[in-house]
Trainee: 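One structure, as structure tokens, below. Some questions next.
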2 protein chains.
Amino acid sequence: MNLKELSEKLGLSQTTVSRALNGYPEVKEATRLRVMEAARQFNYSPNKRAMGLATGKSMTIGHVIPTSTQHEMVNPVFGDFVAGSLEVYSQRGYDMLFSAVPDEDEAQTYRNMQRKGSVDGLVLQGPQVNDARIGILRELGMPFVVHGRSSGVSDPYSWIDVNNKRSFQRATEFLLDLGHRRIALINGLESMDFAQRRRDGYLVALHERGIATDPELMRSSEMTEVYGHHETRDMLQLDDPPTAILASSLISAIGVRRAIDEAGLVMGRDVSVITHDDELSYLKNGQDVPIFTATRSSVRDAGRHCAAMLIDQINNPTDDAKFELLEAELVVGRSTGPAPQG
Amino acid sequence: MNLKELSEKLGLSQTTVSRALNGYPEVKEATRLRVMEAARQFNYSPNKRAMGLATGKSMTIGHVIPTSTQHEMVNPVFGDFVAGSLEVYSQRGYDMLFSAVPDEDEAQTYRNMQRKGSVDGLVLQGPQVNDARIGILRELGMPFVVHGRSSGVSDPYSWIDVNNKRSFQRATEFLLDLGHRRIALINGLESMDFAQRRRDGYLVALHERGIATDPELMRSSEMTEVYGHHETRDMLQLDDPPTAILASSLISAIGVRRAIDEAGLVMGRDVSVITHDDELSYLKNGQDVPIFTATRSSVRDAGRHCAAMLIDQINNPTDDAKFELLEAELVVGRSTGPAPQG
DNA sequence: AGCGCCATCCAAAGCGCTTTGAATAATGCG
DNA sequence: CGCATTATTCAAAGCGCTTTGGATGGCGCT
């Protein structure tokens, strides 16, 4: 059933039916009711493509899946972020379109997306330091919001991010207060913006207390369980091993714990661990008492905010770039304790 | 730049340009080359919506995200499955569209999707026992492939699944061979089809060896880390605790291990653990030596196969329903050992 | 009665593409 | 050389919707 058929059935013009359905005022209320009823009865719903062609809007938002082709790794955060965004999208009548972007011609892909008219806006995930994509998108004039920020990009753009620097600074201070002096950082890939900010926070905290930094204690890679395990095992074998570890994600923290266990040590007593916790739905940080002391910030919530922000921007294209900085909460769990007397 | 502009620039009709670009034979080769070159130069790419309107195809495949609204949980497998599908989609020129389906009017949502013409086919994830969605989709005549199966649905439909029954039967036999008699099953939600099949395999194995089953040792819920931990802790406190545990996913297995550790026991010695391993990119089961003994089957690979299958079906709508049963591999790691002498 | 003004409704154009049905140019053959 | 073919190209219709620019008729008012 399409508009034409429906309007014929009603003995009205397509114009009137269309207007009745879309809430325009130039339709008698009685007529509108009649139309709505018929639409329901005949199970009519407009063809999105045709609608898009006519209006120039697609009511679709594009997400570009950050498939770091290097390691073929999907960010574990992905699912929950998407779920959060989707809540908002579906509520506001938007669909969500995915594309995998081959690293090579990313710019081209964006251009195509726009020209093809398949999306009204884009969400950029996993921004790197000095991320070139932001410039491209700005140039194209396509509304977009970045999940995260990109140091080095001076042009304004909309973003939503966790205060990574502050949260890792605080976490480090917390460990320092507990008497730890050998504090390791198991960070994400250094090319990722969030990793840099976390490192900054970590370094600032150490610096303010006059603690020398040790390159041996700063590791960075993709945040898998195996990686957390590997680096921890390695560091625990140092002459002067760390008494505390800052991990970039719960996933890698689990690897950290495994390595601690294997070394015959006890987490929270021999080695303290703090991790960032994105509150993934399938990997909660314990139930009542947190397993890990953690900097906590819901990525699902970030997805919601990001979606809302983007839709706003689509509806008010002339507005200035907006941003939102979410503060992570420091929750104290069982993985931290006073530094062992050495 | 659109078709009209491009054709004017070339001094050709839209028809010819369109045909040249789409590889139709009734165009002089020289002309085709000229057109292609101009298209490249002016950075032309066709508007997808218009194309869709004209052809009736959207070159888009819909995924319905299984947001079990009950617990707001996103399946951890989601990201990798999507990544796998996306590889194939983008290679074959398809986009991927997401919708969250509010549990209530699922049927309605599917109908809309079809009528709106937003997708050419659908992937159904997380099928339950006797899943009503399959009937709806069949009725609508929209091509679809189920990731998993649904016991109780007698009409034919296309699916791709892991041989869950067999793999859990084998895993159970493996434990029996090691001398275990108290074997627990920490399963997914019983309403999910895969959980039932795994339980079946588990029960058959026990039955064939004449081992009585104990309801106390069979747990089922959503497969989170916390859940694995909780159930294990609970079971280890039984008068006659299990000496081996079969876990439904690596995530919950990690919780199992945590509970074992906390109880002061050693995994692989005091309690053996086997888990199913989907080979998630961010959560590999160890590097060289597997951490857990596991039934292994790549969900990313399943995503690829599923996508290919669906596209085939879209292109050959009259073909019979197809299916593919993937066998999981049993890899032996460090989490299993002979049953302790009690 | 005659006028302007709304309130309603409609015909038709247009969004950017594909495709049908024809026209035109080029070619082959007797 | 003339005609039937075949190779190229084109004009126009159509996909299903929105939206512009009128129509139409009823109303209050002078």
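Naming convention: chains lettered A, B, ... in sequence-line order (proteins, then strands); numbering from 1 in each chain.
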Trainee: Contact list please: residues 14-25 of chain A against DNA chain C, heavy atoms, distance less than 4.0 Å, in numerical order.
Mentor: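 Thr15(A), Thr16(A), Arg19(A) - these, ordered by number, are the residues of the stretch whose heavy atoms sit under 4.0 Å from the strand.
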
Trainee: So, Glu29(B) and Arg32(B), do they make that salt bridge, N to O below 4.0 Å?
Mentor: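 Judged by the 4.0 Å cut-off on N to carboxylate O distance, Glu29(B) and Arg32(B) do form a salt bridge.
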
Trainee: Is it true that, when you exclude Tyr44(A) itself, more than 12 heavy atoms of the residues, nucleotides or ligands shown sit nearer than 6.0 Å to its OH?
Mentor: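 It does: Tyr44(A) OH has more than 12 such atoms within range.
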
Trainee: Check whether any side-chain N or O of Ser150(A) sits under 3.5 Å from a backbone N or O of Pro127(A) as a donor-acceptor pair, and report yes or no.
Mentor: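 No, because the side chain of Ser150(A) does not come within donor-acceptor range (under 3.5 Å) of the backbone of Pro127(A).
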
Trainee: Could you tell me whether a side-chain N or O of Asn316(B) sits under 3.5 Å from a main-chain N or O of Thr318(B), the two making a donor and an acceptor?
Mentor: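 No, Asn316(B) side chain to Thr318(B) backbone: no donor-acceptor pair under 3.5 Å.
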
Trainee: So if I take the C1' atoms of five pairs at each end of the helix from dA1(C)-dT30(D) to dG30(C)-dC1(D) and get each local axis, what angle do the two axes make, rounded to 10 degrees?
Mentor: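 It works out to 50° between the end axes.
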
Trainee: Would you kindly say whether Asp193(A) and Ser151(A) are connected by a side-chain donor-acceptor distance under 3.5 Å?
Mentor: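 Result is yes, a qualifying pair exists.
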
Trainee: Classify the angle between the aromatic ring planes of His147(B) and Phe81(B) as parallel (below 30°), tilted (30 to 60°) or perpendicular (above 60°).
Mentor: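 Rings of His147(B) and Phe81(B): parallel, under 30°.
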
Trainee: For residues 28-50 of chain B, which residues have at least one heavy atom under 4.0 Å from DNA chain C?
Mentor: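 Per residue number, the list reads Tyr44(B), Pro46(B), Asn47(B), Ala50(B).
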
Trainee: Return yes if some donor-acceptor pair links the side-chain N/O of Ser191(A) with the main-chain N/O of Gln128(A) below 3.5 Å, else return no.
Mentor: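 Judged by distance alone, no pair lies under 3.5 Å.
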
Trainee: List the residues meeting side chain to side chain contact (heavy atoms under 4.5 Å, CB included) with Asp301(B), not counting sequence neighbours, and say none if there are none.
Mentor: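 Testing Asp301(B) for side chain to side chain contact (heavy atoms under 4.5 Å, CB included), a comparison that skips the adjacent residues, returns Ser298(B), Arg304(B), His305(B).
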
Trainee: Tell me which pairs pass salt bridge (Lys or Arg N to Asp or Glu O under 4.0 Å) where either residue lies in residues 140-159 of chain B, with sequence neighbours left out.
Mentor: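 Sorted result for residues 140-159 of chain B: Arg138(B)-Asp155(B), Arg149(B)-Asp161(B).
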
Trainee: Are Phe78(A) and Phe98(A) close enough that their ring centres sit under 6.0 Å apart?
Mentor: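 Ring-ring flag for Phe78(A)/Phe98(A): true, centres closer than 6.0 Å.
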
Trainee: When you list every nucleotide of DNA chain C with an atom under 4.0 Å from a heavy atom of chain A, which one comes first 5' to 3', and which comes last?
Mentor: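 So the outermost contacting nucleotides come out as dT8(C) to dG16(C).
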
Trainee: Counting N and O atoms only, with roles assigned by atom type, does the side chain of Asp312(B) sit under 3.5 Å from a partner on the main chain of Met309(B), one being a donor and the other an acceptor?
Mentor: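 Side chain of Asp312(B) to backbone of Met309(B), a donor-acceptor pair under 3.5 Å: no, none is there.
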
Trainee: Does Met1(B) have more than 12 heavy atoms from other residues, nucleotides or ligands lying within 6.0 Å of its CE?
Mentor: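 Yes, the 6.0 Å shell around CE holds more than 12 heavy atoms from other groups.
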
